[in-house]
Amino acid sequence: MPSRNQPTVRLRRIGSALRKAREANNLTVGTACRRYGRSKSWLSTLENGLHTIDPQEPADLLDFWGPHVRRQDFRCCP
């Protein structure tokens with residue numbers, strides 16, 4: 001039985017796509033969090049697939065990250 005703290009494949013894919021987008025924008029975790037209005041721990045757990053994500057959040061983050069994000073990276077989202 002998987003651990004409660006073990007990320008699902010879907011959450012890992014979302015987190016990986018978000019990390020790639022942040023890095024493509026040359027943003028550190030701290031800078032991205034200040035601009036997006038969230039904590040470093042929130043983004044870190046999200047990028048590591050350890051945080052569930054609100055269904056609207058991927059779209060908001062895609063808009064925030066801008067042109068460096070491929071929407072197909074988020075096809076796993078509802």
Side-chain angles (χ1 to χ4, degrees):
M1 180 187 248
S3 165
R4 289 187 78 176
N5 293 332
Q6 187 174 15
T8 65
V9 172
R10 182 174 72 128
L11 290 176
R12 284 194 307 253
R13 286 180 182 165
I14 292 169
S16 177
L18 290 172
R19 180 180 292 113
K20 287 177 186 175
R22 177 180 55 77
E23 290 171 349
N25 281 289
N26 296 314
L27 294 172
T28 65
V29 170
T31 301
C33 290
R34 278 192 301 278
R35 290 184 185 175
Y36 193 65
R38 290 296 198 109
S39 70
K40 290 181 187 178
S41 63
W42 176 83
L43 185 56
S44 178
T45 56
L46 187 66
E47 287 183 352
N48 287 304
L50 298 171
H51 190 286
T52 57
I53 190 165
D54 181 273
Q56 181 58 39
E57 201 88 47
D60 292 345
L61 288 165
L62 287 170
D63 290 341
F64 178 74
W65 293 133
H68 294 290
V69 178
R70 299 176 330 160
R71 290 193 182 266
Q72 61 266 31
D73 289 337
F74 290 86
R75 66 182 172 273
C76 55
C77 301

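Heavy-atom basis, side chains included; hydrogens, waters and symmetry copies ignored.
By the 30° and 60° cut-offs, the orientation of the rings of Tyr36 relative to Trp42 is parallel.
Separation of atoms CG (Leu46) and CG (Leu11) is listed at 8.0 Å; rounding is to 0.5 Å. Here the NE2-CD1 distance, from His51 to Ile14, works out to 12.0 Å after rounding to the nearest 0.5 Å. Atom CG of residue Leu43 and atom CG of residue Leu18 lie 7.5 Å apart, to the nearest 0.5 angstrom.
The stretch residues 40-53 participates, sequence neighbours left out, in these salt bridge (Lys or Arg N to Asp or Glu O under 4.0 Å) pairs: Arg19-Glu47, Arg22-Glu47.
Take Arg38 and apply the salt bridge (Lys or Arg N to Asp or Glu O under 4.0 Å) test, not counting sequence neighbours, and it matches Glu57. Ser16 pairs by the side chain to side chain contact (heavy atoms under 4.5 Å, CB included) definition with Lys20, not counting sequence neighbours.
Taking all atoms of both residues into account, the shortest heavy-atom contact from Ser39 to Cys33 is O-SG, 3.3 Å.
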